[in-house]
Amino acid sequence: MKVIKQFDSYSSKVELVEIDGKQFVLKTAEPQEIATEKVYLKELKDRGFPTLNIIEAPNLKNDQLLLEYIPHSAGGLIFGSAQDYERFGKIVRKLHSIHYEYCFRITSEGKEEKLDWKSFLSGAFQKATEEQIEKKSDLSASFLKDISKYVNGRILALDSNNIVYSLLHCDLHTGNTLGKNEEIVLYDKGSEIFSGHHPYDLVTIVDHSPNGTYIHTDNPENKNDLEVITSFIRGYGEDFLVKYKTEFNLYMVIRSLWRYPSSFTPYTKEIMENIVYERI
């Protein structure tokens, strides 16, 4: 196996490799992340989705995954028009149309581990809070206290009995898309949860383009944000910002705290402030 190139990746090592004259992508990550990706890709393939083929090869470790390589795909598809985001919305809605009877994640052995949705949210929030304190972030103690009051109260009030559990990607943004046979492929699934409430998955779409919904800025880089979200919603076929406003705000705060600070989502602090202090 010859390594040709290493791609930028947040939580894993991704390399372009050559085996017997053919090129593939080798992903190395925590075993649980690799196991989750395997189950996810198989599920998509079984359901008729465009996806990446898993390549069987000897001597792979349990923290490695070999995938087909699509040339010119590094960095994701280029999204430039409203129609592109509509197509994105349609494939995500199709993903969320895969339903399960309960919430679960995938273990490092590739097995389902059933979870309680509200307990999952509480655990994610607690871990995010602990990390903010541990790394001594610039979020004040009083603000963290207000966030805690907001989040814990809304988790307690959440009616999980009426939630339909869907297949989640957990890191939905345009950088995690590829083009294959003129179709959009959603790859590089997050491993935190496999099946859950679908608005939780859509937070990443909005916090990458928040201007006009959760913040207001004159930054020219965000001038098309509202058009992006409007086009995505049109393709998705459901205005989740309205239909699931309470739940979506809750999920937005939890996931924003988890990622703060991030160069990919520079407005997460302002988003949390606007939600917690009801400025939107």
Side-chain angles (χ1 to χ4, degrees), residues 10-11 30 32-33 36 96 100 102-107 112-173 189-208 210 213-215 240-241 243-280:
Y10 178 71
S11 64
E30 292 294 327
Q32 193 250 340
E33 183 176 340
T36 299
H96 291 163
Y100 305 93
Y102 48 83
C103 165
F104 65 92
R105 65 183 172 190
I106 300 298
T107 68
E112 291 183 10
E113 180 184 1
K114 189 174 181 180
L115 300 173
D116 174 77
W117 179 244
K118 293 170 72 169
S119 297
F120 163 73
L121 293 175
S122 295
F125 176 64
Q126 181 179 350
K127 184 176 180 180
T129 303
E130 290 172 352
E131 288 189 355
Q132 292 298 324
I133 295 172
E134 182 179 341
K135 64 187 178 185
K136 299 180 180 179
S137 78
D138 64 353
L139 300 179
S140 68
S142 61
F143 184 38
L144 287 174
K145 184 177 180 180
D146 290 340
I147 292 175
S148 180
K149 182 178 179 181
Y150 177 92
V151 168
N152 289 327
R154 280 157 181 77
I155 290 178
L156 186 64
L158 191 65
D159 185 5
S160 55
N161 292 323
N162 289 324
I163 290 177
V164 175
Y165 296 106
S166 299
L167 174 56
L168 303 184
H169 181 279
C170 289
D171 197 17
L172 276 173
H173 56 79
K189 173 177 164 37
S191 60
E192 60 187 281
I193 196 76
F194 197 90
S195 166
H197 195 201
H198 70 275
Y200 183 83
D201 220 11
L202 298 166
V203 163
T204 317
I205 303 294
V206 179
D207 71 7
H208 276 63
T213 52
Y214 280 87
I215 66 159
F240 47 85
L241 292 178
K243 185 173 181 179
Y244 300 100
K245 182 178 180 179
T246 299
E247 297 94 331
F248 197 88
N249 285 349
L250 168 63
Y251 302 156
M252 178 67 82
V253 172
I254 293 174
R255 303 204 73 186
S256 294
L257 187 67
W258 183 281
R259 289 192 295 272
Y260 182 80
S262 169
S263 58
F264 297 107
T265 53
Y267 296 103
T268 49
K269 183 178 180 181
E270 185 177 349
I271 289 171
M272 288 187 289
E273 290 174 338
N274 288 343
I275 294 174
V276 171
Y277 297 127
E278 299 182 347
R279 296 173 182 167
I280 56 171

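For the numbers below, each heavy atom of this structure counts, side chains included, while hydrogens, waters and symmetry mates do not. Values in this document were obtained by computation on a predicted structure and should not be read as measured data.
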Quick check: do [X] and [Y] have side-chain heavy atoms less than 4.5 Å from each other?
X	Y	value
Y267	Y214	no
Y244	N249	no
Y102	E112	yes

(request) Step through the shown structure and confirm whether more than 12 heavy atoms of other residues, nucleotides or ligands are within 6.0 Å of CD on E30. (result) no
(request) Verify the neighbour count for atom CZ of F264: are there more than 12 heavy atoms of other residues, nucleotides or ligands below 6.0 Å? (result) no
(request) Could you verify whether a donor N or O on one side chain and an acceptor N or O on the other, from Q132 and S137, lie under 3.5 Å apart? (result) yes
(request) Verify whether one side chain among D138 and Y260 offers a donor that lies under 3.5 Å from an acceptor in the other. (result) yes
(request) Scan W117, Y165, Y251 and name whichever one has a side-chain hydrogen bond (donor to acceptor under 3.5 Å, both in side chains) with H197. (result) Y251
(message) ring-ring contact (aromatic ring centres under 6.0 Å, His included) for F120 and F104? Distances and angles first, verdict last.
(response) CA-CA 9 Å; F120 163 73; F104 65 92; over 10 Å; no
(message) Salt bridge or not between R255 and E192? Use side-chain N to carboxylate O under 4.0 Å.
(response) yes
Could you check whether any side-chain N or O of [X] sits under 3.5 Å from a backbone N or O of [Y], counting only pairs where one atom can act as donor and the other as acceptor?
X	Y	answer
K114	C103	no
S148	L144	no
S262	R259	no

(message) With side chain to side chain contact (heavy atoms under 4.5 Å, CB included) as the criterion, how do L167 and H96 come out once you've worked through the C-alpha distance, each side chain's angles and the decisive distance to 0.1 Å?
(response) CA-CA 6 Å; L167 174 56; H96 291 163; 6.0 Å; no
